[in-house]
Number of protein chains: 2
Amino acid sequence: MNDRADKKAARATADQVAREANVSRVAVSRAFNPNASLKPEKRDRILQVARELNYTPDMAARSLVTGRSHLVGMIVPDVCSPWESQEIDALTTALQAEGFATLLFKVKADFSMDPRLLTYMRGFNPDSVIAFTENILPDVLCGFLDRAVPIYVIYDDVAQFAGAASGTLYDRLLVRQKNGIEQAVALLQGYGARRIAYLGGKAQSLANAERERTLKETLAERGMDAPIVLAGDYTYDTAYRATLDLFRIGEGADAIFAANDVGAFGAIDALRHELGLSVPEDVKVVGFDDIPQAHWKSYNLTTVRIDLDERVRALVRLILMRLRAPDAAPLTETLNTRLIVRGTVG
Amino acid sequence: MNDRADKKAARATADQVAREANVSRVAVSRAFNPNASLKPEKRDRILQVARELNYTPDMAARSLVTGRSHLVGMIVPDVCSPWESQEIDALTTALQAEGFATLLFKVKADFSMDPRLLTYMRGFNPDSVIAFTENILPDVLCGFLDRAVPIYVIYDDVAQFAGAASGTLYDRLLVRQKNGIEQAVALLQGYGARRIAYLGGKAQSLANAERERTLKETLAERGMDAPIVLAGDYTYDTAYRATLDLFRIGEGADAIFAANDVGAFGAIDALRHELGLSVPEDVKVVGFDDIPQAHWKSYNLTTVRIDLDERVRALVRLILMRLRAPDAAPLTETLNTRLIVRGTVG
DNA sequence: TCACAAAATGAAAACGTGTTCATTCACAAA
DNA sequence: TTTGTGAATGAACACGTTTTCATTTTGTGA
C-alpha cells in the first residue's frame, strides 16, 4: 500500500543526505570520494546519515560527469562452455574486488556479430572490453568503441591481426601454446604413437587455427608424420561423430589430439562406448584447457593447461593499467602452457 | 598519434548530430525514440548523420532522466556450474533481444552475501534483479533495492519466505518438483530399489531442502522406507567421497538420488571406478537438472528435467510484466518437472 | 477561403552527480 | 599581532539525455 509508494519516493539523493546532515551537497560527494579533503568527523556523520537513508551514489550520474562507468564489457559466444564460464566467473570476482561490474553480451554461436550489438554495447560506455570472440577484428571494435581499449587474446603467432589498420590501439594477452604442445607430443611419441589425429575446434576460431599450426610444426620438428585433421566445433557431439568417422570410414589413429577438453571427452566416449576401443591402450587422447571436468574419473584426461588464475590476473592487470594510462603504448602480457599428465596417454 | 586523440574527441553527442543535420537536439532524441512524433524524412536524415558520426545515445544520461537503466542484475554464486551457466546464457540472449544488458554479480560460494555488494549493485540502478542465491531473503533485497522488484525461484512449498515482512514486493517462479520426483521414484520402485540414498546439495540451499522434503514425502506415500541422507554441496568431489563413505563405512544402497546432475556424476564415478560396482545393475542413479553433460555416453544419466527454455521464458515474462506495471500485485509463474529416462536406472 | 484538429517543432527544465575555483578557516611560525 | 600555508568549504557549472509545454506547421472538411 502506502508502504511501497513511500519506499519508491525514498530513493535517497545526495541533496537529501546533505539536508539531513546539515552540510552542503558537495560535502556528501566528498564523503564518498576517499581522497577528497573533508574533516574526518564530518565524513563520519555524513556516512552515518547516508546509511540511515539507505543512500548510494547513482552510478549513471557519476558516470556522466567522471566519464567512468565502472563497467567491463565481456563479449562471449557461449557462456555454457566450461572454459568460458570459468573465465567469466574468475574475472567477475577479480574485477568486482576492484570496483567494476561485469556487463555480459552474447554473440551468436558461429561467432558472427550483429553490428547492432556493438552499437548497443557502446551506449553503456564500458571502461574496458574483453573480446572472447576472436573474429571481431580490432579495427572494427576500436572503431566502434570510443573510450574503451579492447583486449585481445592471441596465440603463439605474434603477427596475428597484422592486417589491423595502424592507429588502432588494443592490448594483448599472448598465450604461448608451443611449450604445452611440445610436452604433449613428446609424451605421445614416447609411448609409441605414430598416426596422430587433430580434432579441430570451430573453423572460425583463430585459437584453433594456431593450435593446429603449432601441432603440425612440432610434429615436423620431431620428424613425425603430419596429423590427420578432423573438422570440429569444440562440442562433444561433433567430436563424438568425427571420431566414429575416423575409425569407421577413415583409417583410424594411434592418438587423438583434441582442440579442447570437451572435444576430447566426445572422442573418448566414442572410442570406449561405441567403437569398443580402450583408452589409452588402443588410442591415446590429449585435450586442451584443463577444465575441472578433466579430472573426473570417467575421463581422467591428460591435457594442456592454460592456467586460469594466471590468465585472469594478467587480464585484470591489463585492464587496470590501461585505465590508469589511457594513452600508453599497447601492452602485452604473456602466458605459458604446460602439460598435465593424467590417465589417457600412458 | 593524432588519430587516437581525434577519435577520442569524436565521441559524438546529440548536439553534434543536431548541428550536422541542421535540426534541434530534441529532434535527434526523437529520432532514436520510435514512438515520438517526427517527420519520417527528417528522422531518416538524422539517423543517416548519426551513423556517419558513429553516434549512440549515452545510456547513463538516458537512464538519469528516464529512470530506466536497461540493466538486469543477476546475483550468482557460481558461474561455472553447468546449470547456472546455461541459465545465464539463455537469459542473457533473451533479455538482449528485449533491449536489456546483463549485469553480473558474484557472491561467495557459501551463498553468503557481502552487504557492500548489494549497496554496490544498487548504485547501477538495475531495472530488475534475479536472485539465484536463495538465502538473500526478500526482505533484505527489497529493502536495499529501491526501484527494481526482485524475482525469487521457489520450490514446491508455496509457503516459503512466509516470514517475509508484509509490504515487500517480489515475483516468484514456482518450480513443481513433485511430478518429476514421483516419476523417478516410481521407476526406481519398478526396478526393485528398496534402500534409497539422497545425496544432498548445499546445506543452505532451499532448493535442496525442498528436494529432500519432497523425496521423503513421495517415498512415504508409496510405502517405502525413508531415504538415507548424505550431506553434499552440489560438487563432483564431495559427491564422490560421500558415495565412497556410504559403501565403505555405511551400509550401501540400492539407488542414489542426487540433488543435481554433477553430484550424480560423482556418485557414478565412485561406484564404477573405485568401488567396482556397476550402474545400473548394482546401484541405480538418478540426477536432477538435466544439464547437457547428462547425455554424454560415459554417464547417460536418468534425471529430472527442469526445462531450461520454459524457465527462461517464464523469467523474461515476469521481468517484462513487472516493468510494464511496477505496482501490480505479486506475480507467480509455475513450472513443471519431468523425468528423462536414460541408462542409469533400468 | 476559413476554421479547426492534429502533427511537428524547439526552448527550457530536469535527472543526480563530480569538479573547478574562489573563498574561508585553522594553525603554526615569525 | 601578523603573516603565510594548507586544508576545508560551498556556489556554480558541466555531463548528455528526455520530457514538458507552448508554439508553429500541416492537413482536412465545410
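Quick caveat: nothing in here was measured; it's all calculated off a predicted structure. By convention in this document, chain letters (A, B, ...) are assigned in the order of the sequence lines, proteins followed by strands, and residues within each chain are numbered from 1.
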Between dT19(C) (C1') and L38(A) (CG): distance, integer Å: 15 Å
Donor-acceptor pair, side chain of R45(A) and main chain of P40(A), under 3.5 angstrom: no
From dA11(D), dA8(D), dT18(D), nucleotide with atom closest to T66(B) side chain: dT18(D)
Separation of atom CZ in F32(B) from atom P in dG16(D), rounded to whole Å: 15 Å
A27(A) side-chain proximity, nearest of dG16(D), dG10(D), dA8(C): dG10(D)
5′-ward residue of the pair R25(A)/R30(A) relative to DNA chain D: R30(A)
K39(A) side chain, from C-beta outward: closest of dT9(D), dT17(C), dT17(D): dT9(D)
Separation of atom CZ in R62(A) from atom P in dT17(C), rounded to whole Å: 9 Å
Per N33(B) side chain, nearest of listed nucleotides dA8(C), dT19(C), dT19(D): dT19(D)
Nucleotide dG10(D), atom C1' - distance to CD1 of I46(A) in whole Å: 12 Å
Residue whose nearest DNA chain C nucleotide is more 5′ - V65(B) or S24(B): S24(B)
Check residues 60-71 of chain A and write down every donor-acceptor pair under 3.5 Å in which the side-chain atom is one partner and the other belongs to a residue at least two apart or another chain.
{"residue": "T66(A)", "atom": "OG1", "partner": "R62(A)", "partner atom": "O", "Å": "2.8"}
{"residue": "T66(A)", "atom": "OG1", "partner": "R68(A)", "partner atom": "N", "Å": "3.2"}
{"residue": "R68(A)", "atom": "NH2", "partner": "L323(A)", "partner atom": "O", "Å": "2.8"}
{"residue": "S69(A)", "atom": "OG", "partner": "L71(A)", "partner atom": "N", "Å": "3.3"}
{"residue": "S69(A)", "atom": "OG", "partner": "N125(A)", "partner atom": "O", "Å": "2.6"}
{"residue": "S69(A)", "atom": "OG", "partner": "D127(A)", "partner atom": "N", "Å": "3.4"}
{"residue": "S69(A)", "atom": "OG", "partner": "D127(A)", "partner atom": "OD1", "Å": "3.4"}
{"residue": "H70(A)", "atom": "ND1", "partner": "G99(A)", "partner atom": "O", "Å": "3.2"}

Whole-Å distance separating the CZ atom of R19(B) from the P atom of dG16(D): 12 Å
Q96(B) side-chain N/O to A101(B) backbone N/O, donor-acceptor pair under 3.5 Å: no
Gap between atoms CD and P, on E41(A) and dA7(D) respectively (whole Å): 17 Å
Identity of whatever pairs with dA30(D) - Watson-Crick or G-U, under 3.5 angstrom: dT1(C)
Reported CD1-to-CG distance for the pair I151(B) and L318(B), which is rounded to 0.5 angstrom: 5.0 Å
Opposite nucleotide pairing with dC21(D), Watson-Crick or G-U, both atom distances under 3.5 Å: dG10(C)
Side chain of Y55(A) - closest among dG18(C), dA8(D), dT17(C): dT17(C)
Heavy-atom side-chain contact between F105(B) and F124(B) under 4.5 Å: yes
dT19(C) OP1/OP2 closer than 4.0 Å to side-chain N/O of S29(A): no
For atom CG of D15(A) and atom C1' of dT17(C), their distance in whole Å: 10 Å
Distance test, side-chain N/O of S37(B) to OP1/OP2 of dA8(C), below 4.0 Å: yes
Presence of K42(B) side-chain N/O under 4.0 Å of dA7(C) phosphate oxygens OP1/OP2: no
Atom pair distance, as rounded to whole Å: CG in L64(A) and P in dC15(D): 9 Å
